[in-house]
Amino acid sequence: MALRIITDSASDVPKWLLEKYKLHVIPTPVVINEKDYFDGETIMPEEFYDILRAGTEVKTYHINSFMFHNNFEPYAINKDEVIYICFSTGIAGTYNAANLAKAELLEEYPDFDLTIIDTKCASLGFGIVVEKALQMVERNIPKQVIIEAIRFYCDNMEHIFTVETLEYLYKGGRLSRTSAIAGGLLDIKPIIEVDDKGALVAIEKVRGRMRSLKRLVDIAGERGVDLSSQTIGLVHGDDKETLNLVKNMLIEKYGCKTFLESYVGCAIGAHTGPGIIGIIFLSEKSPYVI
């Protein structure tokens, strides 16, 4: 019996962190040439972005209740307490499917203690939250305090992204064909946030890649609090060089010191394409000492 933190692969938690905490990550399904793959298990981000660049059709679907049942049941059998930190309902149906599986499991294991938290976050927006929760478990902090901390971090997490190409936003139905063509001709780069409902929303349009990157950094300064003392999430769609450029901008402008870096995985990358860059940070100072 133990308190366990688990999450799904849309959290984009880097491999070293998975290994350090032996974190259980439930993989998001990806369909490539009509064959199912699983993010982080049978397909890795490096090869995934090569597949996108080749023009191969890629689809994703959320983890279904059957998959959740299979992933949750060993903890029910072992009588573990579980906190599942879940991908935003504003982007996928993951949370509802997890709750269906929970209801089924409680019929067979009525004492199973499973807390499912809809983060309304994406990528390292809840990857950072997962890291904080794991650190708290390691320090034997009570479960209810950990849950309160998770909710605080989720409620105050800012995600700001930009993309290199509009092609994948168009393919995913987030942009009209006319807007995609016009935007491409004018070199328009949207600035995208995860809003309060946990949905991806374009909030600004900027001309040129470098201007869009500088705007990400500016928004971090406008919305973030005490950036030099918090962990900043940095994510990329197979473009580490640009990620490092943005990282250096954050260091020079705000004195940022601590970063958590990762690829944008298949769950979001399939809809944004190679070259996505994101900065993730807190808009409120944390009351939790971790």
Side-chain angles (χ1 to χ4, degrees), residues 3-14 17-18 21 23-28 39-40 60-65 67-68 71-72 81-102 114-137 141 143-161 192-201 223-224 230-235 260 262-269 271-272 276 278-284 286-288 290:
L3 175 58
R4 306 289 187 187
I5 302 295
I6 65 176
T7 191
D8 55 72
S9 68
S11 62
D12 295 335
V13 174
L17 198 148
L18 309 186
Y21 291 102
L23 176 66
H24 181 171
V25 178
I26 306 172
T28 300
D39 186 14
T60 61
Y61 61 94
H62 67 74
I63 304 160
N64 61 39
S65 61
M67 297 171 187
F68 276 120
N71 279 273
F72 290 154
E81 295 177 292
V82 175
I83 302 173
Y84 167 45
I85 302 176
C86 176
F87 191 23
S88 171
T89 49
I91 302 174
T94 313
Y95 176 75
N96 292 334
N99 276 287
L100 284 174
K102 177 181 177 179
L114 169 61
T115 301
I116 302 172
I117 297 177
D118 174 14
T119 63
K120 293 187 169 58
C121 294
S123 188
L124 282 183
F126 68 113
I128 290 173
V129 177
V130 169
E131 182 185 29
K132 300 290 188 187
L134 290 166
Q135 291 169 342
M136 295 178 84
V137 170
I141 291 172
K143 182 183 75 172
Q144 193 53 44
V145 176
I146 296 174
I147 291 170
E148 290 169 4
I150 289 169
R151 297 193 189 283
F152 169 85
Y153 287 117
C154 292
D155 289 347
N156 294 285
M157 198 65 71
E158 296 279 348
H159 318 57
I160 307 295
F161 302 94
I192 300 167
E193 70 172 4
V194 177
D195 69 11
D196 291 342
K197 296 179 181 179
L200 292 170
V201 178
R223 296 188 182 185
Q230 60 168 287
T231 297
I232 307 296
L234 290 174
V235 290
L260 189 64
S262 188
Y263 272 83
V264 173
C266 303
I268 292 178
H271 307 287
T272 56
I276 182 173
I279 306 175
I280 293 138
F281 54 92
L282 284 171
S283 58
E284 294 290 340
S286 170
Y288 301 93
I290 301 174

If you measure from [atom1] on [X] to [atom2] on [Y], what distance do you get to the nearest 0.5 Å?
X: Cys121; Y: Ile85; atom1: SG; atom2: CD1; answer: 10.0 Å
X: Thr115; Y: Ile5; atom1: OG1; atom2: CD1; answer: 9.0 Å
X: Thr7; Y: Ile26; atom1: OG1; atom2: CD1; answer: 8.0 Å
X: Ile280; Y: Gln230; atom1: CD1; atom2: CD; answer: 11.5 Å
X: Asn64; Y: His62; atom1: CG; atom2: NE2; answer: 7.5 Å
X: Ser11; Y: Ile6; atom1: OG; atom2: CD1; answer: 11.0 Å

Angle between ring planes, Phe87 versus Phe126, binned at 30° and 60°: parallel, tilted or perpendicular?
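Parallel: the ring planes of Phe87 and Phe126 meet at under 30°.
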Sequence neighbours excluded, which residues qualify as salt bridge (Lys or Arg N to Asp or Glu O under 4.0 Å) partners of Glu81?
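Once residues adjacent in sequence are excluded, the partners of Glu81 under the salt bridge (Lys or Arg N to Asp or Glu O under 4.0 Å) criterion are Lys143.
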What closest approach, in Å, do [X] and [Y] show between heavy atoms, and which atom pair accounts for it?
X: Ser123; Y: Asp12; value: OG-OD2, 2.6 Å
X: Cys86; Y: Thr119; value: O-OG1, 2.7 Å
X: Ala122; Y: Ile91; value: CB-CD1, 3.8 Å
X: Asp195; Y: Lys197; value: OD1-N, 2.9 Å
X: Gly198; Y: Ser88; value: O-OG, 2.7 Å
X: Asp39; Y: Ala267; value: OD2-N, 4.0 Å

Could you walk me through whether Thr94 and Phe68 satisfy the side-chain contact (heavy atoms from CB on, under 4.5 Å) test, starting with their C-alpha distance in whole Å, then the side-chain angles of each, then the deciding distance to 0.1 Å, before giving a yes or no?
CA-CA 9 Å; Thr94 313; Phe68 276 120; 3.4 Å; yes
Please check if the side chain of [X] supplies one atom and the backbone of [Y] the other of a donor-acceptor pair under 3.5 Å.
X: Asp118; Y: Thr89; result: yes
X: Lys132; Y: Tyr153; result: no
X: Asn156; Y: Leu282; result: no

Do [X] and [Y] make a side-chain contact, defined as non-hydrogen atoms from C-beta onward lying under 4.5 Å apart?
X: Arg223; Y: Ile160; answer: yes
X: Leu17; Y: Leu134; answer: yes
X: Thr28; Y: Cys266; answer: no
X: Val13; Y: Ser262; answer: no

Applying the side chain to side chain contact (heavy atoms under 4.5 Å, CB included) test to Val235, which of Ile276, Ile279, Val264, Ile268 qualifies?
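Answer after filtering Ile276, Ile279, Val264, Ile268: Val264.
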Evaluate Asp196 against Lys120 for side-chain contact (heavy atoms from CB on, under 4.5 Å), listing each step before the verdict.
CA-CA 7 Å; Asp196 291 342; Lys120 293 187 169 58; over 6 Å; no
Under the side-chain contact (heavy atoms from CB on, under 4.5 Å) criterion, do Leu114 and Phe72 qualify, and how do the steps go?
CA-CA 9 Å; Leu114 169 61; Phe72 290 154; 3.8 Å; yes
Given the rule in the side-chain contact (heavy atoms from CB on, under 4.5 Å) test, do Ile63 and Asn71 qualify, once you have shown the distances and angles that lead to the verdict?
CA-CA 11 Å; Ile63 304 160; Asn71 279 273; 5.7 Å; no
